[in-house]
Amino acid sequence: MRFSQSLIPTLKETPAEAEVASHRLLLRAGYIRKLTAGIYTYLPLGLAAVRKVEKIVREEMAMAGAQELLMPMVQPADLWHETGRYQKYGPELLRFVDRHNRESCLGPTHEEVITDIVRREIRSYRDLPQNLYQIQTKFRDEIRPRFGLMRGREFIMKDGYSFDVDDEAANKSYQQMFDAYNRIFKRCGLEYRPVEADSGSIGGSFSHEFMVLADTGEDTLVICSACDYAANSEKAEIAAPQADECPMLDLEKVETPGKRKVSVVCEFMEIAPHELVKTMVYEADGIPVAVLVRGDREVQEVKLKNLLGAADVAMLEDKAVFDATGVPTGYLGPVGIKIKLLVDNEVAAMRNFVTGGNEKNYHLKNVNMGRDFEAEAIADLRQITDQDPCPACGAKLGMKKGLEVGHIFKLGTGYSTVMNAVFQDQDGKDKPVVMGCYGVGVSRIVAAAIEQNHDENGMIFPMSLAPMQVIILNLGLKDAAITETAEALYLELQKYGVDVLLDDRDERPGSKFKDADLLGIPLRITVGKRFTKDGVVEIRQRKDGSVEELEPQQVTHRILEIIRIAMNND
RNA sequence: CGGAACGUGGCGCAGCCUGGUAGCGCACUUGUCUGGGGGACAAGUGGCCGGAGGUUCAAAUCCUCUCGUUCCGACCA
């Protein structure tokens, strides 16, 4: 590629809309341009980086025995009605009608379509297993797209689906994908962790997320300091603590005028927040529910959602809380509450705690579950903290921020049952296929790689993802010897299959150096004054700034060597 | 969807409060010089100030509505 003839519109200044590093740099380096909120054009270099990720994904999928296909982006609503997800999926599913007034949607994921294919084409256990994937543009009408490629509405995803005869075989498929995913992210040069995760609206029994560790990550991970345990904090289970066996004291009503916040009540009553229990009110699919957690804890809404099997859970506003309970927020308590009551298992083990009095300006002291109120359910409902022990081994936990770049699920027979995707087994009986599904955020990987690898001068791509592996700077356009050498290297490297960009623009050296850094190309060859003087060109590595000077005829050999080593290590 | 902010040449911004000639830096064009970390000088091109309505002799500026974008939160395979 010749820089002078390419569309690589680099910017000196950062566009005002970009906050996070990857978004800023992708815009500045001329990799992407925004069309509208959450929707981007991949310019030539941006697309080249995406293609590198796709190449790795395809190679690893092939190695794992998966086959590529391509499904439609526009899908009929009927299919989604079959699984109930046309309602359940929520507003992220972009719905529209076509000219015949038929309901349709843009595919945010493809369980329905792939299951439809399989139920039509798979007859016998002899046809299984199948593992099918595609790399395709997905559309999810996110409430709030942000961070450039990190959370777009339209994005490129690899989604794969496995179909097996039974659980055991499905587990094997899952494990194969788990291993393949590890290879993919390793080859992409990412620092990542597989973690246990919630399976969200895709459904299924068990899942792992692959998280790139980065401060800008939107998810919080808990990672055990001693064992292998790692989980998304929304999933991380907290064991029920030992029940407090101390004797129950008499219930006491305390006047607490104007004391509503946990901190204020605690100060007023001279207790610590962990001695108080707060009553949070949520709405789960339109039905109000109260949740008790310790005063210093937070409710984990994903756990709540899963417990209730609800599609949508949201905290109620003050006014709605009053409408549902007849009590203003701040004085709510479990004793005599009129709505469904769920209790965090930590609270269930407490004795003699303080709660709201279910009456304006009153709190209750020495409240005890079983004596003073009953719960509809006791469960792990709170957000884990780094003070909690590891659920697997009890050791200390660390918390880290992560970006989700992959997610794999054991789906079981949920989809195949409702969609009647069955095969005839050896015993002659029809059985539902056992499914798994596997996603990689292809465009997000590009952003995540930049998030993890950049400095104040620009991106620093790992060799495996770099849109161009080498940039050659011709610093003497008017100097015949320099230009001939740069051109010859350009042709020779291309001949050996190296992705090389020749900066043949009539720009001053400073601009070329700045742009080369900004673009994040791992290797830079400079042909300039040092060539005129000493007959050498320089090879500089973007990641550590190391420079070696070589005669032109040695360059190709050395470059190929560096690339080979980098591709194996990254 | 709740909270906040912002829309002025391609990009980054000033001007708005206190109404009256639309401005700066970068980029772009031409020329001369320059040529190893975003050069200098000179001369230029380009903007009905997001849109609609209103107030006014007069609106980028004041008012109303609307559209768009971003940030925080909630949401998220």
Side-chain angles (χ1 to χ4, degrees), chain A residues 9-20 23 27-28 30 33-39 85 88-93 107-112 138-148 150-153 155 157-161 197-204 207-210 218-219 232 234 282-283 299 301-302 305 311-318 320 403-409 411 437-441 444 457-458 473-479 482 505-518 524 526-533 537-538 540 545 547:
Chain A
T10 60
L11 304 171
K12 278 194 196 177
E13 285 174 290
T14 306
E17 68 194 45
E19 287 292 318
V20 301
H23 188 197
L27 287 168
R28 272 197 64 204
R33 285 295 181 261
K34 184 180 70 181
L35 180 62
T36 181
I39 300 183
R85 286 209 294 177
K88 203 182 162 194
Y89 204 92
E92 281 74 39
L93 182 66
T109 175
H110 281 66
E111 282 80 9
E112 280 80 0
K138 295 280 185 272
F139 193 91
R140 292 184 191 173
D141 199 0
E142 297 279 351
I143 303 171
R144 189 181 160 213
R146 59 186 135 175
F147 305 152
M150 206 68 90
R151 178 168 293 283
R153 292 195 292 162
F155 57 98
M157 174 174 166
K158 170 257 158 182
D159 52 322
Y161 307 88
D198 181 69
S199 49
S201 66
I202 294 285
S207 83
H208 282 93
E209 287 171 330
F210 290 80
E218 295 187 82
D219 288 286
N232 193 313
E234 64 189 30
Y282 288 82
E283 189 174 61
V299 175
E301 291 181 21
V302 170
K305 196 165 151 181
D312 191 42
V313 161
M315 212 162 109
L316 278 184
E317 289 169 29
D318 290 0
L403 296 166
E404 177 189 350
V405 290
H407 201 161
I408 61 178
F409 303 78
L411 290 178
C437 87
Y438 316 96
V440 173
R444 189 183 273 183
N457 295 316
L473 305 189
N474 176 351
L475 296 190
L477 274 184
K478 298 190 180 84
D479 181 312
I482 287 175
R505 295 174 300 168
D506 184 16
E507 290 286 338
R508 295 171 59 85
S511 302
K512 295 192 176 190
F513 287 131
K514 288 288 186 191
D515 275 344
D517 285 350
L518 181 60
R524 184 183 84 192
T526 308
V527 189
K529 253 185 357 205
R530 301 278 293 117
F531 179 70
T532 311
K533 212 164 69 179
V537 303
E538 296 160 35
R540 180 176 183 272
V547 175

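Order of the sequence lines sets the chain letters (A, B, ...), proteins ahead of strands, with each chain counted from 1.
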Task: Interatomic distance where CD belongs to A:E142 and P belongs to B:C1 [whole Å] - done: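 It is 15 Å, rounded to the nearest whole Å.
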
Which part of the nucleic acid does [X] contact within heavy-atom distance under 4.0 Å: base, sugar-phosphate only, or nothing?
{"X": "A:D159", "value": "nothing"}
{"X": "A:M157", "value": "base"}
{"X": "A:R33", "value": "nothing"}
{"X": "A:P15", "value": "sugar-phosphate"}
{"X": "A:Y438", "value": "nothing"}

When rounded to the nearest Å, what value does the distance between [atom1] atoms of [N] and [M] take?
{"N": "B:C16", "M": "B:G50", "atom1": "P", "value": "15 Å"}
{"N": "B:C11", "M": "B:G47", "atom1": "P", "value": "14 Å"}
{"N": "B:A4", "M": "B:C62", "atom1": "C1'", "value": "23 Å"}
{"N": "B:U8", "M": "B:G51", "atom1": "C1'", "value": "14 Å"}
{"N": "B:A22", "M": "B:A58", "atom1": "C1'", "value": "16 Å"}
{"N": "B:G39", "M": "B:G23", "atom1": "P", "value": "27 Å"}

Considering Watson-Crick and G-U wobble pairs with both distances under 3.5 Å, what does [N] pair with?
{"N": "B:G9", "answer": "none"}
{"N": "B:C49", "answer": "none"}
{"N": "B:G37", "answer": "none"}
{"N": "B:U61", "answer": "none"}
{"N": "B:U21", "answer": "none"}
{"N": "B:A74", "answer": "none"}
{"N": "B:A14", "answer": "none"}

Can you name the salt bridge (charged side-chain N to carboxylate O under 4.0 Å, His left out) partners of [X], sequence neighbours left out?
{"X": "A:D219", "result": "none"}
{"X": "A:K34", "result": "A:E17"}
{"X": "A:E538", "result": "none"}

Open item on the list: Please encode protein proximity along nucleotides 67-73 of chain B as a string of B, S and -, counting only heavy-atom distances under 4.0 Å.
Closed with: --SSBBB

Open item on the list: One character per nucleotide, please: for nucleotides 42-47 of chain B, 5' to 3', B when the base has a protein heavy atom closer than 4.0 Å, S when only the sugar-phosphate does, - otherwise.
Closed with: ------

Open item on the list: Apply side-chain contact (heavy atoms from CB on, under 4.5 Å) to residues A:R540 and A:T526 and explain how you reach the verdict.
Closed with: CA-CA 8 Å; A:R540 180 176 183 272; A:T526 308; 5.8 Å; no

Task: Sequence-distant partners of A:Y438, ring pair (Phe, Tyr, Trp, His ring centres under 6.0 Å), two or more places apart - done: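 Testing A:Y438 for ring pair (Phe, Tyr, Trp, His ring centres under 6.0 Å), a comparison that skips the adjacent residues, returns none.
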
Task: Residues in ring pair (Phe, Tyr, Trp, His ring centres under 6.0 Å) contact with A:H110, at least two apart in sequence or another chain - done: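 Result, ring pair (Phe, Tyr, Trp, His ring centres under 6.0 Å) vs A:H110: none returned.
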
Listed partners of [X] passing side-chain hydrogen bond (donor to acceptor under 3.5 Å, both in side chains), at least two apart:
{"X": "A:E13", "result": "none"}
{"X": "A:E301", "result": "none"}
{"X": "A:R146", "result": "none"}
{"X": "A:R28", "result": "none"}

Open item on the list: Could you check whether any side-chain N or O of A:R444 sits under 3.5 Å from a backbone N or O of A:M150, counting only pairs where one atom can act as donor and the other as acceptor?
Closed with: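 Here the side-chain-to-backbone pair exists.
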
All N/O pairs under 3.5 Å across the protein-nucleotides 32-36 of chain B interface:
{"residue": "B:U34", "atom": "O2", "partner": "A:R508", "partner atom": "NH1", "Å": "2.3"}
{"residue": "B:G35", "atom": "O6", "partner": "A:K478", "partner atom": "NZ", "Å": "2.4"}
{"residue": "B:G35", "atom": "N1", "partner": "A:K478", "partner atom": "NZ", "Å": "3.4"}
{"residue": "B:G35", "atom": "N2", "partner": "A:D506", "partner atom": "OD1", "Å": "3.4"}
{"residue": "B:G35", "atom": "N2", "partner": "A:E507", "partner atom": "O", "Å": "3.3"}
{"residue": "B:G36", "atom": "OP2", "partner": "A:K529", "partner atom": "NZ", "Å": "3.2"}
{"residue": "B:G36", "atom": "N7", "partner": "A:K529", "partner atom": "N", "Å": "3.1"}
{"residue": "B:G36", "atom": "O6", "partner": "A:G528", "partner atom": "N", "Å": "3.4"}
{"residue": "B:G36", "atom": "O6", "partner": "A:K529", "partner atom": "N", "Å": "2.9"}
{"residue": "B:G36", "atom": "O6", "partner": "A:R530", "partner atom": "N", "Å": "3.1"}
{"residue": "B:G36", "atom": "N1", "partner": "A:E538", "partner atom": "OE2", "Å": "2.7"}
{"residue": "B:G36", "atom": "N2", "partner": "A:E538", "partner atom": "OE1", "Å": "2.7"}
{"residue": "B:G36", "atom": "N2", "partner": "A:E538", "partner atom": "OE2", "Å": "2.8"}

Open item on the list: Please determine whether any donor N or O and acceptor N or O are separated by less than 3.5 Å between the side chain of A:N457 and the base of B:G37.
Closed with: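 Such a pair does not exist between side chain and base.
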
